[in-house]
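To keep things clear, I will list the structure first and then write my remarks on it.
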Amino acid sequence: MTLRLFNTLTGQIEALVPADGGALRMYACGPTVYDYGHIGNFRTFLQIDVLRRFLHLTGVPVRHVMNITDVDDKIIRNAAQAAVPIGQYTAQYEQAFFEDFEALRIERPEVLPHATDHIPRMVELVEKLAAAGAAYRTEDGSWYFRLSAFPEYGKLSKKDLSGIADGARVDLDEYEKDSARDFALWKAVKEGETSWDTAIGRGRPGWHLECSAMSMECLGDSFDLHAGGEDLMFPHHENEIAQSETATHKPFVRHWMHVRFLLVDGKKMSKSEGNFFTIRDLLLKGYKASAIRLALISVPYRHQLNFTFQGLTEATSAIDRLRTFRGRLVETVFPPGETAPMQEAAHHARAAYMAALANDLNTAEARAPIFDLVRAANTAIDQGQFSAADSDAILAVLQDFDAIFDVLEDRDDGPTQRALVWAEQVGRLDDVAPELLTRHSLTDEAVETLVAERTQAKLQRDFARADQIRNQLAQQGVVIEDSKDGVRWKRK
RNA sequence: GGCGCGGUACCCAAGUGGUAAGGGAGAGGUCUGCAAAACCUUUAUGCGCCGGUUCGAUCCCGGCCCGCGCCUCCA
């Protein structure tokens with residue numbers, strides 16, 4: 001099954017296949033590690049994770065490169081304020097970023113280049129552009145890209161910049177950019193700033209240059225897919241195309257994927273609006289990592305996602321339903337054999353699920369057949385028309401579902417515990433939801449003991465005692481479920 | 001102003017030229033000592049408004065209203 005994915009460059013939904021028949025070579029613009037990542041950042045990374053997981057599920061090997069921008073204006077400014085070297089400053093946020101990555105179960109890209117490790121490649125690229133007459137140096141020692149050298153500029157974002165590109169030239173005496181739209185390739189050193197001494201002078205790379213240099217170094221002059229948030233389309237990706245294609249005279253990227261923004265309560269997230277959330281903020285409020293993951297991927301990547309706390313709560317309930325169902329299949333002993341309706345239902349669910357994903361990664365549509373299957377199977381089980389092979393077939397479908405969504409296994413405790421430890425370290429315990437602190441006051445063994453005592457009480461028809469224990473456990477976040485096959489409990 | 005996206009039930013959210021997936025929430029019921037879980041039933045003659053094309057439009061075309069994003073650092 002071939003993935004059909006919208007291509008920003010052509011405006012069409014097109015098959016995404018490796019050009020050379022080997023691994024699909026993809027590049028995603030990664031984080032600038034100057035602060036904690038927010039849910040908007042992670043929506044983009046999660047959607048890219050859905051893409052790579054689907055490629056894997058369909059047997060397409062992937063070589064995925066994501067850069068770490070570890071030098072830029074904000075980093076230099078913040079590191080100076082903290083009076084530490086930028087490498088020390090960025091290390092803590094890079095570590096935090098990957099902790100959040102792991103909490104959300106985002107798969108690690110194959111290659112994670114750091115900008116500061118690839119300065120020579122960037123310098124080479126500037127030299128190459130300068131030789132071609134497409135880059136020039138200003139009096140202060142900065143280098144700019146000459147937009148007029150690349151007539152196709154604007155082809156990705158569909159902007160017509162012809163009127164601006166030919167705008168008024170300024171006198172050479174003013175030592176300014178030749179054209180207002182020309183963008184910086186290399187920024188000359190300023191007093192006290194981190195810089196590199198190179199053949200093109202002392203300074204540091206511009207952001208756009210970093211991505212061109214590292215992507216081509218890791219993936220070749222032309223590669224299959226480049227992904228990022230919609231805001232990067234212009235000017236960042238447009239500039240990457242201009243630099244790269246001017247330098248190589250080859251098509252830079254065949255397929256461009258842009259993830260639309262996440263809104264919070266209908267508005268773009270920003271610190272000034274007060275609707276700005278990091279993953280850690282949500283974990284401390286008591287939301288589960290799996291719920292965050294599901295909420296952020298359930299709306300297809302080409303649609304705006306309006307993030308709300310209610311949405312997180314709904315995702316939590318949806319996950320509970322799936323986990324409960326799977327638990328039922330795993331724990332129940334069904335009679336041997338298979339039933340035609342259930343085999344058919346399983347087959348149909350998988351086909352519908354895969355087709356929805358193959359169609360431009362429609363995650364919302366992909367969920368539906370899975371929930372249909374849950375209902376059909378639960379009904380069949382209740383009616384005693386369900387066999388062991390049906391269970392196996394459905395578990396296999398769930399496994400494929402989880403190969404993308406990855407929420408069925410309850411691994412939520414780890415991220416929450418780590419967030420609590422972090423909150424203590426950085427002095428944010430005041431932001432922790434109270435129930436989170438009491439939730440884990442009971443060990444599994446203690447719960448088992450109480451559950452056993454309650455079962456005993458029930459056998460003796462001492463329902464008052466049994467209910468008392470159940471209430472006590474509920475207050476500590478443990479839910480009890482009685483069934484024919486025994487007592488189940490889970491942490492809420 | 002330029003470019004682009006969206007407006008579907010109480011909420012979230014797919015989708016199709018032939019009469020509306022799924023999730024959540026609510027209500028009633030089955031089961032249960034009672035709950036929980038699970039299942040069943042139920043909640044849009046309707047898909048922003050007005051025209052047009054069509055045998056037929058929520059889905060195509062035009063206009064209007066409303067919301068949002070990008071155009072500057074930004075996922």
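Rounded to whole Å, the distance from OH on A:Y34 to C1' on B:C73 is 8 Å. One atom, CG of A:D372, and another, P of B:A21, lie 10 Å apart when rounded to the nearest Å. As a whole-Å value, the separation of A:R461 CZ from B:U32 P is 12 Å. One interatomic measurement links the two molecules: CZ of A:F6 to C1' of B:C5, which rounds to 11 Å at whole-angstrom precision. Between A:N306 atom CG and B:G7 atom C1' there is a gap of 13 Å when expressed in whole angstrom units. The CG-P distance, from A:D382 to B:A37, rounds to 14 Å in whole Å. In this structure, the NE2 atom of A:H237 is 23 Å from the P atom of B:C3, given to the nearest Å. Atom pair A:N362:CG and B:G23:P shows a separation of 16 Å (rounding to whole Å applied).
Taking a pair to require two hydrogen-bonding distances under 3.5 Å in either a Watson-Crick or a G-U wobble arrangement, B:C3 pairs with B:G69. Across every strand in view, B:A37 sits unpaired, with no contact that passes the Watson-Crick or G-U test at under 3.5 angstrom. Nucleotide B:U19 is matched to nothing when pairs are restricted to Watson-Crick or G-U wobble geometry with both distances under 3.5 angstrom. Base pairing analysis places B:C64 opposite B:G48; the two distances defining the Watson-Crick or G-U wobble pair are each below 3.5 Å. Shown here, B:U42 forms a base pair with B:G26; the pair counts as Watson-Crick or G-U wobble because both key distances fall under 3.5 Å. Base pairing annotation: B:C74 forms no Watson-Crick or G-U wobble pair, as no partner gives both donor-acceptor distances under 3.5 Å.
Taking atom P on both B:A20 and B:U42, the two are 15 Å apart, rounded to the nearest angstrom. Nucleotides B:C59 and B:G63 are separated by 15 Å at their P atoms, to the nearest Å. Comparing the same atom, P, in B:U8 and in B:A13 gives a spacing of 8 Å after rounding to whole Å. For the C1' atom pair drawn from B:C31 and B:A57, the interatomic distance equals 45 Å after rounding to whole Å. Atom P of B:G48 sits at a distance of 49 Å from the matching atom of B:G33, rounded to the whole Å. Straight-line distance between the P atoms of B:G7 and B:A14: roughly 8 Å, to the nearest whole Å. Taking the P atoms as reference points, B:A38 lies 22 Å from B:A21, given to the whole Å. On the P atoms, B:C40 is 10 Å away from B:G23, given to the nearest whole Å.
With A:R491 as reference, A:D444 is the one residue of A:D412, A:D413, A:D410, A:D444 to meet the salt bridge (charged side-chain N to carboxylate O under 4.0 Å, His left out) rule.
In this model, a side-chain donor or acceptor of A:R470 finds a partner on the base of B:A35 within 3.5 Å. On a pure distance criterion of 3.5 Å, no polar donor-acceptor pair joins the side chain of A:E365 and the base of B:G15. With hydrogens and angles ignored, a donor-acceptor pair under 3.5 angstrom links the side chain of A:K268 to the base of B:C74. At a cut-off of 3.5 angstrom, counting only N and O atoms as typed in the model, there is no donor on one side facing an acceptor on the other between the side-chain of A:D231 and the base of B:G69.
Checked against B:A35, B:C39, B:G2, the side chain of A:K159 finds its nearest nucleotide in B:G2. Considering only the side chain of A:Q310, B:C11 comes nearest among B:G22, B:C11, B:G69. For A:K458, taking side-chain heavy atoms from C-beta onward, the closest of the listed nucleotides B:A38, B:C73, B:G33 is B:G33. Distance from the side chain of A:R375 is smallest to B:C40 among B:A38, B:A36, B:C40. Closest contact between the side chain of A:D467 and the listed nucleotides B:G33, B:A75, B:C68 involves B:G33. Side-chain proximity of A:W207 to the nucleotides B:C73, B:G23, B:A36 is greatest for B:C73.
A cation-pi arrangement is present between A:R108 and A:F98, with the terminal nitrogen or guanidinium carbon under 6.0 Å from the aromatic centre and inside a 45° cone about the axis.
Separation of the A:Y36 and A:F277 ring centroids does not fall under the 6.0 Å cut-off.
For the atom pair CD1 (A:I75) and OG1 (A:T194), the distance works out to 9.5 Å, reported to the nearest 0.5 Å.
Residues A:R323 and A:D320 are not paired through a salt bridge, judged by the lack of any N-O separation under 4.0 Å between the basic side chain and the carboxylate. With respect to the salt-bridge test (charged N to carboxylate O, under 4.0 angstrom), the residues A:D72 and A:K187 do not qualify. Here A:E238 does not pair with A:K159 in a salt bridge; the nearest charged N to carboxylate O distance is not below 4.0 Å. Ion pairing of A:D49 with A:R293 is present here, as a side-chain N (NZ or NE/NH1/NH2) and a carboxylate O approach within less than 4.0 Å.
Using a 4.0 Å heavy-atom distance criterion, A:V299 is classed as a sugar-phosphate-only contact. Within 4.0 Å (heavy atoms only), A:R367 reaches sugar-phosphate atoms of the nucleic acid but no base atom. Residue-level contact check: A:A318 touches the backbone only, with heavy atoms under 4.0 Å from sugar-phosphate atoms and none from bases. Backbone-only contact: A:P300 has heavy atoms under 4.0 Å from sugar-phosphate atoms and none from a base. Backbone-only engagement by A:G266 is indicated by non-hydrogen atom pairs under 4.0 Å involving sugar-phosphate atoms exclusively.
Contact between the side-chain N/O atoms of A:S298 and the OP1/OP2 oxygens of B:A13 is not found at any separation under 4.0 Å. Contact check, A:R181 against B:U72: a side-chain N or O comes under 4.0 Å of OP1 or OP2. An OP1 or OP2 oxygen of B:C70 is reached within less than 4.0 angstrom by no side-chain nitrogen or oxygen of A:H258. Proximity of A:R323 to the phosphate of B:A37: no side-chain N or O atom is located under 4.0 Å from OP1 or OP2. OP1 and OP2 of B:A38 both lie 4.0 Å or more from every side-chain N or O belonging to A:R326.
The residue among A:I480 and A:A368 whose nearest nucleotide of RNA chain B is located toward the 5' end is A:A368. Comparing A:T324 and A:H208, the nucleotide of RNA chain B nearest to each residue sits closer to the 5' end for A:T324.
A:F463 qualifies as a stacking partner of the B:G33 base, centre to centre under 5.5 Å and near-parallel within 30°.
Taking the six-membered ring where the residue is Trp, A:W207 and A:H236 present parallel rings, their angle staying beneath 30° rather than reaching 60°.
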